[in-house]
Undergrad: 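One structure, pasted below without further comment.
The residues of the chain are indexed from 1 along the displayed sequence.
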Amino acid sequence: MAHPKGVLIERLQKEGRQPRFEARMSGPDHEPEFEAEVRAGDEVLGRGRGANKRTAERLAAEEALRTLDAQDEAPGGTEAAASTAEPAPRAPEGFDGPWPLFEPILAATLRIAHERVAAGLATDEAREAIEAFSLELYKNVLLGLGEVVEED
């Protein structure tokens, strides 16, 4: 699967913008925590935290991609959504499903994943990358919806 940081850089460059990643380390030397932020101009697109700089930047890039997607889908486009974009929600600690099935949402995430997975991937490698990316997108969409209650 394409690395989110590379996907973000490519996407912003197509728009004529350049992302800037800033990372800070905190905590004791034996257990550091990194915070990363990605900006395009003065706009903060995403933030991430992790045990190392690479993880923090990857998480910031993933959030930035979700922010850009939300801006693209918002009425009025990028400018209208920029002021209302919120960080993506996280699954409750220890939650691993089951995730309810909403076919239209799942179909949309599969389409998006298929479009974003590197074109050079073939066969099983591409299928696995699309499945992994789809699952991540699907979970994030469901988490963004808030508490989902299934009815019998």
Undergrad: Among residues at least two apart in sequence or on other chains, which ones pass side-chain hydrogen bond (donor to acceptor under 3.5 Å, both in side chains) with Arg24?
TA: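 Arg24 satisfies side-chain hydrogen bond (donor to acceptor under 3.5 Å, both in side chains) with no residue once adjacent residues are dropped.
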Undergrad: Mind jotting down which residue pairs meet the side-chain hydrogen bond (donor to acceptor under 3.5 Å, both in side chains) criterion with at least one end in residues 26-38? Sequence neighbours excluded, please.
TA: Glu35-Arg49, Glu37-Arg39, Glu37-Arg47
Undergrad: Carefully, step by step, assess Glu63 and Arg58 under the rule salt bridge (Lys or Arg N to Asp or Glu O under 4.0 Å).
TA: CA-CA 9 Å; Glu63 183 175 293; Arg58 178 182 54 79; over 6 Å; no
Undergrad: Quick check: closest heavy atoms across Pro4 and Leu65, and the distance to 0.1 Å?
TA: O-CD1, 3.7 Å
Undergrad: Grab the two heavy atoms, one from Ala60 and one from Val38, that are nearest each other, plus how far apart they are.
TA: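 The answer is O-CG1, 3.6 Å.
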Undergrad: Check whether Val7 and Leu12 end up in the same hydrophobic cluster, where Ile, Leu, Val, Met, Phe, Trp and Tyr are linked by side-chain heavy atoms less than 4.5 Å apart.
TA: yes
Undergrad: Counting distance only, does the side-chain N/O of Thr55 pair as donor-acceptor with the main-chain N or O of Ala51 below 3.5 Å?
TA: no
Undergrad: Got Gln18 and Gln13 here, is their nearest side-chain heavy-atom distance under 4.5 Å?
TA: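 Sidechains of Gln13 and Gln18: in contact.
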Undergrad: Before giving the answer on side chain to side chain contact (heavy atoms under 4.5 Å, CB included), spell out for Leu68 and Arg11 the whole-Å C-alpha distance, their side-chain angles and the decisive distance to 0.1 Å.
TA: CA-CA 9 Å; Leu68 292 173; Arg11 183 170 176 179; 3.5 Å; yes
Undergrad: Going by salt bridge (Lys or Arg N to Asp or Glu O under 4.0 Å), name the residues that satisfy it together with Arg20, two or more places apart in sequence or in a different chain.
TA: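 Salt bridge (Lys or Arg N to Asp or Glu O under 4.0 Å) list for Arg20, sorted by chain: Glu22.
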Undergrad: In Å and rounded to the nearest 0.5 Å, what is the NE2 to CD1 distance from His3 to Ile9?
TA: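 The distance works out to 9.5 Å.
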Undergrad: Rounded to the nearest 0.5 Å, what separation is found between the CZ atom of Arg54 and the NZ atom of Lys5?
TA: 9.5 Å
Undergrad: Taking the side chain as everything from C-beta on, heavy atoms only, tell me whether Glu57 gets closer than 4.5 Å to Glu62.
TA: no
Undergrad: Nearest 0.5 Å, please: how far is CG in Leu45 from CZ in Phe21?
TA: 9.0 Å
